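Structure record follows, encoded as structure tokens.
One-based numbering along the sequence shown. What you are looking at is a predicted structure, and each value in this text was computed from that prediction instead of being measured.
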Amino acid sequence: MTTATANSPRPTVVIVPGLRDHVAEHWQTHLADELERVRTVPPLDQDKLSRQARVAVLDSVIREIDGPIVIVAHSAGVITTVHWAHQSDREIAGALLVTPADLELPLPPGYPTTAEIDRGGWNPVPRRRLPFASIVAASRTDALGGFRRITGMAEHWGSRVVDLGDVGHLNPAAGYGRWSRATELLDELIAVTATPIAGSAVAERKR
């Protein structure tokens, strides 16, 4: 993985899993194994469907880190990240938001119901511009989030959209363990956030 600049410190990558937390064969797990500076948000022992609890543990991990941070989130971890972004004053450099789960609509069988999601405090999903650079990597065949709905959210967040095509929910069930595109997109995000122009754009969004 390339370094953003010769003089700036490499950002710490914070991995934010979805509601099913750590999965051994998941691409996020493989990515974490390949990185030198990385923290993975730990699973909750209780209140597993609580948006407030998941945002709190993400915030706790981030506040333990010195220096620049880039988030890599997947599924409901994207929604956790978006909620966190509008509640925290801790600055980060950027976020790679991969196949967000659309928690406002019913999820497939085996996932929490809309009523359970609502009781957990997830909805409505925030649709305000994020205060950092971001990439939304969207699938055209994701049962947990329709392409048009997800790209609409990305537009509200001010994210650049990357069309992944037919990748399902980009998880082991969809045939994805190692996913080399994660490294490519992460490198791209780190490079963009390291430029003065990107920094100015992030500052402008916070006004």
Side-chain angles (χ1 to χ4, degrees), residues 1 11 13-35 38-43 48-49 51 54 58 69-85 92 94-112 114 117 122 125-126 130 132-192:
M1 189 176 295
V13 175
V14 174
I15 304 288
V16 188
L19 295 179
R20 294 184 171 177
D21 296 308
H22 174 84
V23 177
E25 294 305 315
H26 199 284
W27 62 266
Q28 284 182 306
T29 307
H30 289 294
L31 178 65
D33 289 341
E34 297 167 3
L35 297 172
V38 61
R39 291 283 306 276
T40 297
V41 175
K48 290 181 179 293
L49 280 183
R51 181 264 303 169
R54 287 190 178 267
L58 171 58
I69 294 170
V70 169
I71 285 176
V72 176
H74 175 252
S75 190
V78 173
I79 311 305
T80 299
T81 300
V82 172
H83 277 288
W84 170 84
I92 65 169
L96 174 59
L97 309 173
V98 181
T99 57
D102 186 352
L103 301 182
E104 294 177 340
L105 296 182
L107 300 176
Y111 288 89
T114 302
I117 292 293
W122 294 90
V125 172
L130 294 173
F132 44 75
S134 58
I135 296 172
V136 168
S139 168
R140 286 189 175 268
T141 54
D142 189 351
L144 276 71
F147 186 77
R148 292 183 65 181
R149 291 264 306 175
I150 296 305
T151 55
M153 291 181 189
E155 182 178 356
H156 285 287
W157 298 337
S159 307
R160 185 172 78 81
V161 174
V162 173
D163 184 346
L164 299 179
D166 178 9
V167 298
H169 192 49
L170 202 72
N171 57 5
Y176 289 89
R178 292 185 183 277
W179 181 49
S180 60
R181 193 82 186 274
T183 303
E184 297 171 8
L185 292 173
L186 179 57
D187 274 351
E188 179 181 327
L189 181 65
I190 290 173
V192 168

message: side-chain contact (heavy atoms from CB on, under 4.5 Å), that's the test. Do Ile150 and Asp142 meet it? Break it down for me.
response: CA-CA 10 Å; Ile150 296 305; Asp142 189 351; over 6 Å; no
statement: Nearest heavy-atom contact between Gly77 and Val16 is O-CG1, 3.6 Å
- request: Please list all pairs passing the salt bridge (charged side-chain N to carboxylate O under 4.0 Å, His left out) test where one or both residues lie in residues 167-183, with sequence neighbours left out.
  value: Glu34-Arg178, Arg181-Glu184
task: Side-chain contact test, heavy atoms from C-beta onward, threshold under 4.5 Å: evaluate it for Arg54 versus Leu19 and give yes or no.
output: yes
Side-chain touch Trp157/Val78, heavy atoms, less than 4.5 angstrom: yes
message: Can you confirm whether Leu164 sits close enough to Arg140 that some side-chain heavy atom of one is under 4.5 Å from a side-chain heavy atom of the other?
response: no
message: Does Tyr111 form a side-chain contact (heavy atoms from CB on, under 4.5 Å) with Arg20? I'd like the steps, not just the answer.
response: CA-CA 9 Å; Tyr111 288 89; Arg20 294 184 171 177; 3.6 Å; yes
- request: Keeping the roles fixed (side chain from Trp27, backbone from Tyr176), state whether a donor-acceptor pair exists under 3.5 Å.
  value: no
message: Does any part of the side chain of Thr99, heavy atoms only, come nearer than 4.5 Å to the side chain of Asn171, both counted from C-beta?
response: no
- prompt: If only atom types and distance count, is the side chain of Ser139 paired as donor or acceptor with the main-chain N or O of His169 below 3.5 Å?
  reply: no
- prompt: Has the side chain of Ser159 got a donor or acceptor atom that lies under 3.5 Å from a matching backbone atom of Val161?
  reply: no
field: Side chain proximity check, Val14 to Val41, heavy atoms < 4.5 angstrom
entry: yes
- request: Indicate the atoms forming the closest heavy-atom contact of Leu186 with Leu96, along with that distance.
  value: N-CD2, 4.2 Å
message: Can you confirm whether Gln28 sits close enough to His22 that some side-chain heavy atom of one is under 4.5 Å from a side-chain heavy atom of the other?
response: no
- prompt: Which heavy atom in Pro106 sits nearest to a heavy atom in Thr114, and how many Å separate them?
  reply: CA-OG1, 3.4 Å
task: Search all heavy atoms of Gly145 against all heavy atoms of Asp102 and return the closest pair with its distance.
output: CA-CB, 4.0 Å
Residue pair Leu97 / Thr81, side-chain heavy-atom distance below 4.5 Å: yes
statement: All heavy atoms of Leu49 vs all of Trp122, minimum pair found to be O-NE1, 2.9 Å
- prompt: Short question: side chain of Ser134, backbone of Ala95 - any donor-acceptor pair under 3.5 Å?
  reply: no
